[in-house]
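Okay, so here's the structure we're looking at.
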Amino acid sequence: METPEFAARRVFGERAATYTTSSAHTDPHVLERVVALSHAQSNWTALDIATGTGHTAFAVAPHVARVAGVDLTPEMLIEARRLSRRHGVTNVAFGLADARWLPFLDQSFELATCRRAAHHFSDLRRALREMRRVLRPGGRLVVDDRSVPEDDFADALMNELDRLHDESHVREYRPSEWTTYLEEAGFCVEMVDPYVKPRPLSSLTNGVSAEYVERMYGLLDVLNEAQRRTFNLDKRDGELWCNHWFVMLAAVKM
């Protein structure tokens, strides 16, 4: 049986080119907020974990001295380096790495970012300890990720929909879980900000097998009225839309 990391490498290797222009990953408002929360300074060295095709690394780069972007998937890094050359970014270097075993010395960075990736980590607690290890005292961590509300039903259904969308999915965590895990890892949590974005169901069904698409629709078809309101199910121009939950977090190494 594949580990989540091997599944992620395979799945995202196949999808790498789509992340170059993905509206979710290039969202300027979210990227601007990540940069604002980073409190980046021009002499800092930053690390972007699970960088994908590098969008967060590129957003941080103008505000720091250097950025290291790491990812599990070679195809993602090929796209990131291509984008770096296209945009003339000279202070970002990309390399292959697993978030659970970061190939850097202790206290190497003032800033670490991780965006739209942690729900794929098979051991989030270990990854957070690694992030803390490579940060200098007082170093900042900014995370933006898919999330679920503090509701058992919505939690279970959203995670099941995402498992059908992507077999490398592990778990979208509640804001309360994030707070617990960050504090356990030795961070002081400055901000936990959940937010919601309605998105078309096609954002989950594109590129998915017909069997899994049918299962997704089946899960949504049987919702009662209260559950439909929780998910904000709505038809727009003939397409089904529903809520997607996210969380933005800022923390400091104690």
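Count residues from 1 along the sequence.
- Electrostatic pairing of R129 and E184 does not count as a salt bridge here, judged by no charged N lying under 4.0 Å from a carboxylate O.
- Taking every heavy atom of both residues into account, L135 and A112 meet most closely at CD2-N, 3.7 Å.
- Across every non-hydrogen atom of A80 and G52, the tightest pair is CB-O, 3.9 Å.
- Connection of L124 to L141 is established within a shared hydrophobic cluster, with ILVMFWY side chains joined at heavy-atom distances below 4.5 Å, either directly or through further cluster members.
- Open room surrounds OH on Y212; 12 or fewer heavy atoms of other groups in view lie less than 6.0 Å from it.
- A heavy-atom distance below 4.5 Å is not found between the side chains of C242 and R199.
- Checking side-chain atoms of S38 against main-chain N and O of V35 turns up a donor-acceptor pair under 3.5 Å.
- The two residues T53 and L83 make their nearest non-hydrogen contact at O-CD1, 3.5 Å.
- Using a 4.5 Å heavy-atom cutoff, the side chains of D193 and V247 are not in contact.
- Contact check for R140 versus K253: no side-chain heavy atoms found under the 4.5 Å cut-off.
- Contact of the L111 side chain with the Q41 side chain is not registered, since no non-hydrogen atoms from C-beta on lie closer than 4.5 Å.
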Q | V70 and D48: CA distance, side-chain angles, deciding distance, side chain to side chain contact (heavy atoms under 4.5 Å, CB included) verdict | A | CA-CA 6 Å; V70 297; D48 187 39; over 6 Å; no
**Q.** Step-by-step side chain to side chain contact (heavy atoms under 4.5 Å, CB included) determination, Q107 to V134
**A.** CA-CA 4 Å; Q107 302 184 19; V134 300; over 6 Å; no
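- Both V192 and M131 belong to a common hydrophobic cluster when Ile, Leu, Val, Met, Phe, Trp and Tyr are linked at side-chain heavy-atom distances under 4.5 angstrom.
- A salt bridge between R82 and E79 is present, with a side-chain N of the basic residue lying under 4.0 Å from a carboxylate O of the acidic one.
- Ring geometry for F231 against F153 counts as perpendicular: the plane angle is over 60°, on a 0 to 90° scale with 30° as the lower cut.
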Q) Does the pair Y217 and L201 meet the rule for a side chain to side chain contact (heavy atoms under 4.5 Å, CB included), with working shown? A) CA-CA 9 Å; Y217 276 99; L201 192 63; 3.5 Å; yes
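- Listed here is the closest heavy atom pair of V148 and E172: CG2-O, 3.3 Å.
- Within 6.0 Å of the CD atom in E214, the count of heavy atoms belonging to other residues, nucleotides or ligands does not exceed 12.
- A side-chain donor-acceptor contact under 3.5 Å links D145 and H119.
- No hydrogens or angles considered: a donor-acceptor pair under 3.5 Å links the side chains of H244 and R146.
- E150 places no side-chain N or O within donor-acceptor distance of the main-chain N or O of R174, the cut-off being under 3.5 Å.
- Rounded to the nearest 0.5 angstrom, I78 CD1 and M76 CE are separated by 11.5 Å.
- Here the closest non-hydrogen pair linking P149 and W245 is CD-CD2, 3.5 Å.
- The existence of a salt bridge linking R33 and D144 is excluded, since no basic side-chain nitrogen approaches an acidic carboxylate oxygen closer than 4.0 Å.
- Defined by atom type and a distance below 3.5 Å, a donor-acceptor pair is missing between the side-chain atoms of D155 and Y173.
- Between the CG atom of L164 and the CG atom of L204 there is a distance of 9.0 Å, given to the nearest 0.5 Å.
- Contact record, R163 with V170: NH1-O, 3.7 Å, taken as the closest heavy-atom pair.
- Under 4.0 Å is where a charged nitrogen must lie from a carboxylate oxygen, and between K197 and D27 at least one such pair does.
- Between R133 atom CZ and W101 atom CH2 the span is 12.5 Å, to the nearest 0.5 Å.
- The CG atom of D234 sits 11.0 Å away from atom CD of E239, with the distance rounded to the nearest 0.5 Å.
- How far CD of E183 is from CH2 of W178: 13.0 Å, rounded to the nearest 0.5 Å.
- Side-chain rings of F94 and F58 approach one another, their centers coming within less than 6.0 Å.
- In the hydrophobic clustering of ILVMFWY residues, with side-chain heavy atoms under 4.5 Å counting as a link, L220 and W241 come out apart.
- Annotation: side chain of R236 is not in contact with side chain of P200 (no heavy-atom distance under 4.5 Å).
- Residues L47 and L128 are members of one and the same hydrophobic cluster, defined by side-chain heavy-atom contacts under 4.5 angstrom among Ile, Leu, Val, Met, Phe, Trp and Tyr.
- Going from atom OG1 of T51 over to atom CG of L72 covers 12.0 Å, rounded to the nearest 0.5 Å.
- In this structure, the side chain of N232 does not engage the main chain of N243 through any donor-acceptor pair within 3.5 Å.
- Residues R100 and D123 are not paired through a salt bridge, judged by the lack of any N-O separation under 4.0 Å between the basic side chain and the carboxylate.
- Counting only N and O atoms by type, the side chains of T45 and R66 include a donor and acceptor under 3.5 Å apart.
- The shortest side-chain heavy-atom distance between L219 and L161 falls under the 4.5 Å cut-off.
- Residues S122 and T3 are not in side-chain contact: their nearest non-hydrogen atoms beyond the backbone lie 4.5 Å or more apart.
- Here R126 does not pair with D98 in a salt bridge; the nearest charged N to carboxylate O distance is not below 4.0 Å.
- Using modelled atom types, one side-chain atom of Q227 and one backbone atom of N224 make a donor-acceptor pair closer than 3.5 Å.
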Q | Verdict with reasoning, L223 to L157, per side chain to side chain contact (heavy atoms under 4.5 Å, CB included) | A | CA-CA 10 Å; L223 299 188; L157 179 55; 3.8 Å; yes
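- Residues Y195 and V142 are members of one and the same hydrophobic cluster, defined by side-chain heavy-atom contacts under 4.5 angstrom among Ile, Leu, Val, Met, Phe, Trp and Tyr.
- Side-chain atoms of R115 and V30, non-hydrogen and from C-beta on, do get closer than 4.5 Å to each other.
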